[in-house]
Amino acid sequence: MAITPPDQERAAMSVPLLPRWHDSLSLSSSSSSSTSSSFSASSDAAPMMPMPTDASPCKPLAAFRDAHRGGGSVSCLSLCGEFLLSASTGADIVAWQQPDLRLFARFGGAGGEGSVKALAAAGGRVFSAHQDGRVRVWRVSRRSENAFKLVAALPTARDYLGRVFRQASYVPTRRGARRRLWIEHADSISCLAVAVQDGVVYSGSWDRTLKVWRMSDLRCLESVRAHDDAINAVAADCGVVYSASADGRVKAWEKGKVAGSTHSLLAVLVARDGVSWNALAVSADGAAAGRRVYAAGSDGHVLGWDRHGGARWNLACEVKAHAMAVLCLCVAGDLVCTGSADKTIGLWRRQPDGGLAKVGAVGGHEGPVKCIQASVCRTSNGCMVYSGGLDKSIRVWWVPHGFNGDQRRPETDTKEHKPCVFLR
């Protein structure tokens, strides 16, 4: 359900909250105090906060306080073409128009949805995962006044009707209170991943299941009992979907080659009791660099595995990224960004030998960093990094491409490439 903004918000939508790219570049070499003053005229849409002084080339560009209605914490971010999408525990979703981050639209927030836990975008559609256990699908169209239109809630009514009278379609819930259709999530959905090549969307939930939704007709194809505790993150890459859980496991699943076949477990990449794996990100930088999946844990560590085809992964790097839990993770080119409960953002560069070299740590958030996204701007030779926190703010950072911090040796606990145990 789209929300029509009031008059003061319509006015704010026409005011850029960030400068154009050429202005961003000039700001990246200026002081943080001048950066803060240059945005003061745009505070109607999202009040600005004082920016921290930072002597590194990584520059804070803007900070938007209470960007969401109701004062909800920022729960997730997603890049959707020309938009940056942000969602909150207050159930609303905000579309910011890139590159200058104008407030473009607010949508969602309909009764009963619950807080938004995850966002994913592909093929002109946005998928949002909610605390009420449902995935909502929004159509994106610039030709309509209602640019983000709700078109479905998963499972769809058609999917329900096709199974509701079949006894085989029901499964007991975790607590055994009542039976549910297997196409339903019995608890909050925590994460989403879109596999465009396979034409499916994956949803992971606190109910420990991983569900597979077909994008063409939005039907639920499969429900996988993937873990022994809540699933916190999923990532999809080339026919393989990765799941990370509070049970201390990161697993890799393969989609069957035959139509209608189910997902099978390929490998358990790591198993650490007492560690909750909170975030996943897949890097694909071409044939030379290979494909790598990163996982971030509650013990402050970030692990990276290189996939060599089939069911073979090598542990390529392991770093103690933060003193507290790493809550979010993203990859943009050779830049890896981590957000932590210690209120800082870690910046890392992938090295030729596979390790991660620390660029630096960026402060500014007044609470744990819950979500992070980054986009590469090749014409400007750098990355824009967007972060959202439990302090209810969204912050924007500029990281020049050539900045490699103190040029220290890659921080890794891995002395050699270790083969991962794999299953067939």
Side-chain angles (χ1 to χ4, degrees), residues 1-4 68 75-96 104-164 180-205 207 209-224 231 233-236 241 255 371 373:
M1 174 178 147
I3 300 175
T4 303
H68 290 267
S75 57
C76 50
L77 297 170
S78 179
L79 295 171
C80 174
E82 64 180 293
F83 301 108
L84 171 72
L85 304 178
S86 64
S88 77
T89 55
D92 66 325
I93 304 171
V94 178
W96 310 86
F104 180 79
R106 294 183 188 268
F107 59 102
E113 291 183 6
S115 60
V116 183
K117 297 295 186 180
L119 291 169
R125 286 185 285 187
V126 173
F127 301 87
S128 58
H130 296 257
Q131 190 173 8
D132 65 2
R134 303 192 74 180
V135 177
R136 285 167 175 80
V137 186
W138 310 83
R139 186 178 63 215
V140 183
S141 174
R142 292 300 303 269
R143 298 180 180 179
S144 170
E145 182 179 346
N146 189 2
F148 296 87
K149 182 179 180 181
L150 180 64
V151 295
L154 310 184
T156 62
R158 181 179 178 181
D159 218 356
Y160 272 117
L161 292 175
R163 307 178 194 275
V164 68
R180 282 178 175 264
L181 291 174
W182 64 265
I183 61 176
E184 298 178 280
H185 277 297
D187 209 333
S188 175
I189 301 175
S190 56
C191 48
L192 293 171
V194 179
V196 177
Q197 292 181 340
D198 299 323
V200 296
V201 178
Y202 296 96
S203 61
S205 170
D207 67 7
T209 66
L210 180 69
K211 297 194 188 297
V212 187
W213 311 87
R214 188 163 56 201
M215 294 178 66
S216 59
D217 58 5
L218 301 178
R219 293 194 63 186
C220 186
L221 301 180
E222 187 182 353
S223 179
V224 182
I231 299 176
V234 291
V241 59
K255 181 184 178 184
C371 46
Q373 288 289 327

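Scanning for side chain to side chain donor-acceptor pair (under 3.5 Å) contacts around S223 gives K211, with sequence neighbours left out. In this structure, R139 has no side chain to side chain donor-acceptor pair (under 3.5 Å) partners at least two apart in sequence or on a different chain. Partners of S88 under the side chain to side chain donor-acceptor pair (under 3.5 Å) rule, at least two apart in sequence or in another chain, are D92. Judged as a side-chain contact (heavy atoms from CB on, under 4.5 Å), and not counting sequence neighbours, the contacts of A87 are S75, C76, I93, V116, L119. Residues satisfying the salt bridge (Lys or Arg N to Asp or Glu O under 4.0 Å) criterion with R158, sequence neighbours excluded, are absent altogether. Take V164 and apply the side-chain contact (heavy atoms from CB on, under 4.5 Å) test, not counting sequence neighbours, and it matches Y170. R163 meets the side chain to side chain donor-acceptor pair (under 3.5 Å) test with D159; sequence neighbours excluded. Residues meeting the side-chain contact (heavy atoms from CB on, under 4.5 Å) test with A195, sequence neighbours left out: D198, V200, Y202, A236.
Interatomic distance, C191 SG to L210 CG, rounded to the nearest 0.5 Å: 7.5 Å.
Screening T156, L154, L218 for a side chain to side chain contact (heavy atoms under 4.5 Å, CB included) with W213, the sole residue that qualifies is L154. The one candidate from R136, H130, R134 that meets the side-chain hydrogen bond (donor to acceptor under 3.5 Å, both in side chains) condition with D132 is R136.
Panel note: side chain S190, backbone I231; a donor-acceptor pair is recorded below 3.5 Å.
Evaluation of the salt bridge (charged side-chain N to carboxylate O under 4.0 Å, His left out) test over residues 77-87, restricted to residues two or more places apart or in two chains, returns E82-R142.
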